[in-house]
Amino acid sequence: MGVTELGKLIPDSIRKAVDFMQLSNRIIAMDAYNALYQFLASIRQPDGTPLMDTKGRITSHLSGLLYRTINFLENRIWPVYVFDGKPPEEKTLEIVRRRRVREEAMDKWVKLLEEGKREEARKYAQRALFLTDDMVEDAKKLLVLMGIPVVQAMADGEAQAAVIAKEGKAWAAGSQDYDSLLFGAPRLVRNLAITGRRKLPNKDEYVEIRPEIIELNEILRALKLKDRIQLIDLAVLLGTDLNPDGVPGIGPQRALKLIQEFGSLEKLLQGPLKNAQFPMDPLKIRDYFLNPPYNPNYAIEFRQSDERGIIEFLVHEHDFNEERVRNAIERLRKAMGKRRESTLDSFFG
DNA sequence: CGTAGTGA
DNA sequence: TCACTACGG
């Protein structure tokens, strides 16, 4: 998903590991779909079944969103959740591909479950589930009830998050993917889960996961690239959502060398990559990252949470445990109170 | 993923 | 205050 290969070129030296506290008093434009997919993939039973209410509607993403958001607020981190709009036509290929992967995983999951191989089944369950419109609407509804700003992107959420960060309305974009940097976010925060030990899949090992900050300027400097256009060109060689396969046979190191040597996609297309195949004009792909559609009319406003609304929604509609929810609401209220003490007063209505 | 319980 | 684990819906 996204420009995963690009991550291999970002050296550890410019990945600044931080604690939650070091992100205090910052607004972060979160890639909502990215977060929801994470919850969906990880909040489930040993056999891969997600959390569901009595009507069979998936609630894993709501549970994750509720508690993680409260954790942010308790640390005075102010999340703005940016939701994808209509995917651009150029992404159709990737969307079709992902659907196929999902359907294959779904078959495999069901099959392994029937064979009683629960642990193995879980792996495929993670790939099999996808966000439905209802699930997205539920997530937005919860955030609105909590008083957290929701921004609707025109198309790509990462593009919108980048705009928000570029305009200084947020301090950084928050996502596991690197796309927002291509879209021009000056700063990206990854691993925005609660700090702590996480178990490695299939192993009895644990690793300490901490949030990490990556700055666009530092990537350019570390990779000896002239500007963001060269970084985008590099990404196009490696593969983006608009050309998932990149240029076959060219890995991260060679792609970097080529961009450093030839300077641009145009030059490469006239020279060594004359015969390379792309699903669409590679210069159009570059232009998509340079000038993505975005929503210029967004507002970032933290409001009072609707406590009764949250109870109604989570407890009565989606069968959450009332005591747990009341506990969460109590934490939410205390954390929201920190608004006044924070340095962000101008952002709050 | 994150909470809440247990037992040292 | 840990480390570990069961469970959430």
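Worth saying up front: this structure is predicted, and the values here are computed from it rather than measured. In the text below, chain A, chain B and the rest are named by the order of the sequence lines, each starting its count at 1.
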Looking at [Y] and [X], is any side-chain nitrogen of the basic one under 4.0 Å from a carboxylate oxygen of the acidic one?
X        : Y        : answer
A:Arg333 : A:Glu307 : yes
A:Arg326 : A:Glu323 : no
A:Glu119 : A:Arg122 : no
A:Asp241 : A:Arg98  : yes
A:Asp156 : A:Lys91  : yes
A:Arg97  : A:Glu94  : yes

**Message:** Ring-plane angle category for A:Phe289 and A:Phe183, please: parallel below 30°, perpendicular beyond 60°, tilted otherwise.
**Reply:**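 Because their plane-to-plane angle lies in the 30° to 60° range, the rings of A:Phe289 and A:Phe183 count as tilted.
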**Prompt:** Would you say B:dC1 has OP1 or OP2 under 4.0 Å from some side-chain N or O of A:Arg68?
**Reply:**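 Checking B:dC1 against A:Arg68, no side-chain N or O comes under 4.0 Å of OP1 or OP2.
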**Message:** I want to check one thing: is the phosphate of C:dC7, taken as OP1 and OP2, less than 4.0 Å away from some side-chain N or O of A:Asn321?
**Reply:** no
Interatomic distance where [atom1] belongs to [X] and [atom2] belongs to [N] [whole Å]:
X        : N     : atom1 : atom2 : value
A:Leu73  : B:dG2 : CG    : C1'   : 15 Å
A:Leu65  : B:dG2 : CG    : P     : 11 Å
A:Leu66  : B:dT3 : CG    : C1'   : 11 Å
A:Ile58  : B:dC1 : CD1   : P     : 18 Å
A:Phe320 : B:dC1 : CZ    : C1'   : 12 Å
A:Glu74  : B:dG2 : CD    : P     : 12 Å
A:Ile310 : C:dG9 : CD1   : C1'   : 17 Å
A:Glu322 : C:dG9 : CD    : P     : 12 Å

Among [options], which is the nearest nucleotide to the side chain of [X]?
X        : options             : answer
A:Phe39  : B:dA4, B:dC1, C:dG9 : B:dC1
A:Arg331 : B:dT3, B:dC1, C:dG9 : B:dT3
A:Tyr67  : B:dC1, C:dG9, B:dT3 : B:dT3
A:Thr49  : C:dG9, B:dC1, B:dT3 : C:dG9
A:Asn327 : C:dG9, B:dC1, B:dA4 : B:dA4

**Message:** Let's see if you get this right: which residues in residues 170-178 of chain A place a heavy atom under 4.0 Å from DNA chain B?
**Reply:** none
**Message:** Using side-chain heavy atoms (C-beta onward) and a distance below 4.5 Å, is A:Leu238 in contact with A:Val3?
**Reply:**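 The answer is no; the side chains never approach within 4.5 Å.
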**Request:** Could you identify which residues of residues 140-148 of chain A place a heavy atom less than 4.0 Å from some atom of DNA chain C, listed by residue number, or say none?
**Result:**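 DNA chain C contact set from residues 140-148 of chain A: none.
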**Asked** For A:Phe313, which residues count as a ring-ring contact (aromatic ring centres under 6.0 Å, His included) partner, sequence neighbours excluded?
**Response** A:His318
